[in-house]
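Accompanying notes for the structure given below.
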Amino acid sequence: MSDGFNLQEELLSLSDISLYHIPAEIDIPSQRSSSIDETLSSAIESVAHDPESIVHSQPSTFDVFRSILKYSDSPNVTGPILTKLLDVIVSGLSNHSNGVMALVGGGAQGFVAGGGEVDMDAPMVHKQPLEMWAFLLQWFVSSAERGAGKSSSDAAGPATTTGRGKKKTTKSNAGSSSTYSFVWVDHLPLVLTTMHKTLRIPSSRLWRTSSEREPFISCFVKPAYQLAEVEAYLKLNDVKLGIYKVICLAVKFHSHAFGAQTSIIQNLTYFEHLSEPMAELLSILEKEFDFSQLAEEVLRDVSGKTFAHNDVKGPRSFSRFLVRLAELSPRVVQKQMPLLLAHLDSDAHPMRMAIVEIIGILIKDISLSDEGDEEQKTKQIKKFFDLLMERFLDLNSWVRCKVLTTLIKLCDLPAKFPKQRHQITELTIRTLEDKTSSARRYAIQLLCKLLETHPFGALHGGTLNLPEWQERYDKVAEELQKVDARELEQAKRDVGMVDGDDEPNGEAEDKEEEDEEDEELENAVDGEHEGKEGEGSPPTPPKKVKKERKPRHSQLDISAIQSEQSTLDPNLIHKLRLTKKYYGDALRFINQLESAVPTLCQLLVSTTKTEVLEAMRFFRVAFEYDLSSADTGIKTMLHLIWTKDNNAPVATEEGAPTTEGKGIRANLIECYRSLYFDVVPDLAPKQQVNRIAKNMIERTYGATLAELTSLEELMRTMMADGGVHIDVVNKLWQVYSTDQEIPKLQRQGAIIILGMLALAKREVVTERVEALLKIGLGPLGMHDLVLARYTCIALQRLGGSAKKVKGSLNDKTMRLPMDNPIFVKLQEIIEHSPKSPQWFAMAEQAINTIYLLGEQPDALCSEIIKDLTAKVFEQPSSSNAASPPTGEEVNTQNGVDDEDAEAVDAIVNAEGGGDRVREGSTEKKGDQAGSFKLAQLVFVVGHVAIKHIVYLELVEREFKRRKDETAKQKAAAKAAEKDANDLEAVAGNAEDDIGDLISGIRERELLFGDKSLLAVYGPMIAHICASPKRYRNPSLRQAATLSLTKLMCVSAQFCESHLLLLFKILETSRDPVVRSNIVIALGDIAVCFGSMIDDNSERLYQGLMDPDPVVKKNTLMVLTHLILNGMIKVKGQLGEMAKCLEDPDTRISDLAKLFFTELSTKDNALYNNLQDVISHLSIGEHKTDEETFERTMRFIFTFIEKDKQAESIVEKLCQRFRLATEERQWRDISFCLSLLPFKSERSMKKLIEGLPFYQDKLHEETVFRRFTEILAKARANKAANKPETELKEFEAILTEHQAKGLEDQALELDVLKKTKAAKKRAAKRPQPARGGGGGGGGGRRQATPADDDEAQDDDDGATATAPVQRETRGRGTRGAPPPPPAKVKAKAKATKPAAPTRGRRKVVQSDDEDEDDGDGNGSFDEN
């Protein structure tokens, strides 16, 4: 038996088990399980009695084992049989390995040499048994991996594993009461432990050559690699470490390094899950077995690999391997880093990402290491950081993201890397504008991390307030300047002393030093604290002051020397310099962060949720670090309250710092709470309330209308969620109601916030109405109209804020009787408050309050209007003279400019012209009255008119509600269905009647009724608006125009009669406020009376060309609203709106982009108007430059997505070439064509069919280039029906026509050239004289100037006659035309005929003859 066993051959034979020959083979499939068990037991017994029996027993015990393994898949081979077989293999292997170890003298590594030759050969006894048992073990592992012991029911299917990777086998008898499974994974630890034990034997003592030893070692390592291929095994720590140990032992003690290297590379290539385990294996080999050579060889192999850009699996596996190995054994990877850096240029981005991450790991390892030279470590870190900075510009966004995440991790290290920090910050701020959302998000995270880990907190805490740091820097710089000046003086004096100069001004200098000594002492105290930071910095070389002072001891007074030494202490100066550098670095960092704020504010309104959340987090962190610009971001963030969260908000009471799970709105509320409205530790309850109330009030300081609206929604939400404590509300009332002198803004802020809170909870205001009347509408309100205005808004909350449901007849608002004190106060403050620009806003809200709360608001408003009218028109009666008192009265009002007085005087003086209108007496009184009071009256009339329309709608709804209730009651009483139906019809008719009645009142009664109060004022307001020279006061004109537009919304008849006046004011007014108000009003008129505006819509578009950005923005906003809601039709005026896409004002351009984005969702609206837009921007007086045209079209064409639309546009654009005459138009049309996708075959066919229209334009370079781009785009299309033949033909046609066009162009130029040359030759020929002698025209010479006569007057030469010219022969003539261009000169010289030799004058046609014929001054040669 022993002679027949060759391990190498046996292993090769196992490649096909069915052909494997066993001499004494047992027919396992035909035997029952019990007989197989008996045979196995007897073989086990023989081995137990004689371990050597496996080699020489008859019948062979070895064959029994092999037979069972050969048919291990048979259902007869059950779990117990396999367990027994495994036990005997493990026991036999352990027994012989122990025997070898005993013979060689023990020792863990088995390298103890024997005493003689006998000892050397003694272990050979165990060689063959070891090979046989190892062979059986490998065979068993491979059989178990194939699923040995499976029952017949499982035999049909493939070998499967359970969830834990266990090979499960059961008996074939399904009905048997007992079932036994062979769970292979449970036996793995035992098998691997046996392998460890066996691999510790000195294999070189048994197998002298490597070719003998390798088969034996492979019996262990091959199963280990096979087990590693099952991912489930690697999740079990015991099994994983066992596999690692087997391979490590084979590499370390049995020369398996090369085989392991090959296997590891193969595993990384084919098994993605083995990437990290292979790294762990090499790390264990390096750390526990002190064998780093294999890791280095593998890294060399990896560094030489190349990957294609589209390869996914390979680069990903190798990259994970490299990163894991760098984490576990950074020093090994660092040695091979020069080779691995080649992968930074790899086409596969996962490899570049891996190298970036490895660089971060190495920086971390070097910075944390205490070993090595500090200078060398600094150089290495700098080099690695330079590589990271380069990757900021990587083309792949994932690599850029990896750079950012790597730097985020590095920021957490104790080392702060001050030299690299500024560059990192700068590049990160640049990445905020990256085109990829993920890169922007990680850039914000890195900025947050840089802010949180900044190194400038050692001296003054962690805050980064720019003014504070600037002040500190300036102070230190000033101190250092003094020190430098003193050092310079001392150096000069030292030089003088050495030269022999005695101390001439010693006493004065000593006195100066004593004066400055106190300052230096103070600085020294500061320097002790500042030195803490300086200790960490590299020491600078000491100053030369001490060295210069040494020779002075024998010459100077000792006390003076000591005072100088104490004043100019080198350590103190060194600390000052370090402190200055420290402050300078801090300032630079702060300025960098401040520069990033505008970009971060833009990211707050990004469409990507994660970016928005990260930007909010940055501003939250920046606010905590007291960054000056953080307030800007916090205010901008406030508008996110209108965001609709897709997911339900997480509870925000005690949220985790992570923001991923929350919506934007919920995160905003939590952010504002944590910054301003949450309780802070270590404060008394009263102080907590004061702080929260103060923060709420401060949110209103300097807030715009938009910010106040968003703050209102935030406060309403917080109040509705119970987030505002009642004590805070009480504190706000206390601030509002206090009798003490407090800043106006504080009191105003309190009532603004209270009004906001009352939106959610009406009780906030209902219980404090008296305070509102006493403060806001009392004496304080009289002198602070802003306070009165917001008090009116707070009073409006009394009516409730329940939103009306469309079509609902229910009205939940509360109405008060007209004798309520509220209305008395409101009337009083409207009529008697002092003159102020704030009056109009206050009066608007006061009238709103009256109409919202009053049962009969029209009665009170009529009274107010009459009172104001009496004030305006009865004022002059109390004065002695007409015009002077008016001027005095106007000028004595609080806060009045002289402008009103001048306007009134102008009006009065205008009266003297005797030019009077029909209503003479009324006009006279109006002209003499104060313009501001007239403006008040006009404003109130207009606003009452518009509010009365709303009130009439409420009246109409109330009538309908009552009718509806009556109808329901009657319907309940009537049982018959017919009667009920009749009743509904009657009720419906009644509702229609009510609607007609109300609309009739609005149309005919309000502005034209005999008893209507408003009817009196309509003509007056129109007259004021129509007389700009008479009524020049800006406030009056603004109020009158606004009121006119409000009255026009009331009645169609009034609107129609004054619409042209309104358009005229829009065209001629110089006041942007007036123009802006008219534009907004036209939008409202379009809603009321659409047909009128539709007929004049082109006038509305004129506002888009207004020089004032506010007017332009409002026009765009109004048009957006009207067009998108279908209130006016687009009639080719979209070109002006398209111009707004490139407006320098971002608000206008953003609004225009929003408009076109929304318009694209309407059915074909943008497509239908596209041709008009192109025409408007490309030709005519409104055309833009080419760059603007291209940017605009590139944006608009992104919305052309339908293939059918694209095909139609191709056809239309090709037809445009036919009428295009200018090259600019050709380029514009071809550019628009190049923007289309050309996805369909029909698009290309349309383009080819349109060839006759543009073939003659292809010679133009840009046009040809655009068509080449179209061709490339069509070829890049991956559609199945791509017309390859047509594309080739089209390319040939393009090239042909371009060449033809160029030839035609060259021919045309050639003809033109020859024509010009012929004309010049004809012009140069001598003309025959008409008449006799030299007195005719032929004898005249055309005057030509010399070089210095160009500036002479042309009159003489122009009027000179032929005789005069003849008389001046031989002299330079004056008044000649300017010389021709240089090229023409050259041609003229070349073609000039030979000079005649006769004495007659030559006819000169150009300057060229002058230059050749004469001496430069116009003289001629004569015979």
Report yes or no: does Asn667 contribute a side-chain atom to a donor-acceptor pair with the main-chain N or O of Gly663 at less than 3.5 Å? no
Electrostatic pair Asp1108-Arg1075, nearest N-O below 4.0 angstrom: no
Ion pair check, Asp1143 and Lys1112, cut-off under 4.0 Å: yes
With sequence neighbours excluded, residues passing side chain to side chain donor-acceptor pair (under 3.5 Å) with Tyr672: none
Steps toward salt bridge (charged side-chain N to carboxylate O under 4.0 Å, His left out) verdict (Lys449, Asp412): CA-CA 8 Å; Lys449 186 61 74 173; Asp412 286 323; 3.2 Å; yes
Using a strict threshold of under 4.0 Å (side-chain N to carboxylate O), is an ion pair present between Arg617 and Glu452? yes
Could you give all pairs that pass the salt bridge (Lys or Arg N to Asp or Glu O under 4.0 Å) test and reach residues 685-700, with sequence neighbours left out? Lys694-Glu698
Qualifying residue for side chain to side chain donor-acceptor pair (under 3.5 Å) with Asp784, from Gln838, Arg789, Lys744, Gln748: Gln748
Return the orientation label for the Phe939 and His943 ring planes: parallel under 30°, perpendicular over 60°, tilted otherwise. parallel
For Phe1199, give me all partners under ring pair (Phe, Tyr, Trp, His ring centres under 6.0 Å), at least two apart in sequence or on another chain. Phe1195
Please report the C-alpha distance between Glu712 and Arg797 in whole Å, then the side-chain angles of each, then the deciding distance to 0.1 Å, and finally whether the salt bridge (charged side-chain N to carboxylate O under 4.0 Å, His left out) criterion is met. CA-CA 13 Å; Glu712 181 178 83; Arg797 309 295 184 232; 3.1 Å; yes
Take Thr431 and Tyr442, measure what side-chain hydrogen bond (donor to acceptor under 3.5 Å, both in side chains) needs, and give me the verdict at the end. CA-CA 9 Å; Thr431 312; Tyr442 287 122; over 6 Å; no
dist Leu1100:CG -> Glu1136:CD (nearest 0.5 Å) comes out at 12.5 Å
Looking at Arg673 and Asp678, would you say the former's side chain and the latter's main chain have a donor-acceptor pair under 3.5 Å? no
Evaluate side-chain hydrogen bond (donor to acceptor under 3.5 Å, both in side chains) for Ser674 paired with Arg620, printing each intermediate quantity in order. CA-CA 9 Å; Ser674 64; Arg620 187 172 174 175; 3.1 Å; yes
Can you list everything that forms a ring pair (Phe, Tyr, Trp, His ring centres under 6.0 Å) with Trp839? Sequence neighbours excluded, please. none
Report the C-alpha separation of Phe623 and Tyr676 in whole Å, then their side-chain angles, then the decisive distance to 0.1 Å, and conclude whether the ring pair (Phe, Tyr, Trp, His ring centres under 6.0 Å) test is met. CA-CA 11 Å; Phe623 182 84; Tyr676 300 119; 5.4 Å; yes
Give a yes or no on whether the backbone of Leu1042 and the side-chain of Thr1045 come within a donor-acceptor separation of less than 3.5 Å. yes
Sorted by chain and residue number, the salt bridge (Lys or Arg N to Asp or Glu O under 4.0 Å) partners of Arg768 (sequence neighbours excluded) come out as none
Backbone of Thr608 reached by a side-chain donor or acceptor of Ser606 within 3.5 Å: yes
Side chain to side chain donor-acceptor pair (under 3.5 Å) partners for Ser1076, two or more places apart: Asn1114
For Thr700 and Met696, indicate whether the former's side chain and the latter's backbone hold a donor-acceptor pair under 3.5 Å. no
Any carboxylate oxygen within less than 4.0 angstrom of a Lys/Arg side-chain nitrogen, looking at Glu713 and Arg665? yes
Determine, stepwise, if the pair Thr436 / Asp434 fulfils side-chain hydrogen bond (donor to acceptor under 3.5 Å, both in side chains). CA-CA 5 Å; Thr436 315; Asp434 196 284; 3.2 Å; yes
Using a strict threshold of under 4.0 Å (side-chain N to carboxylate O), is an ion pair present between Glu611 and Arg441? no
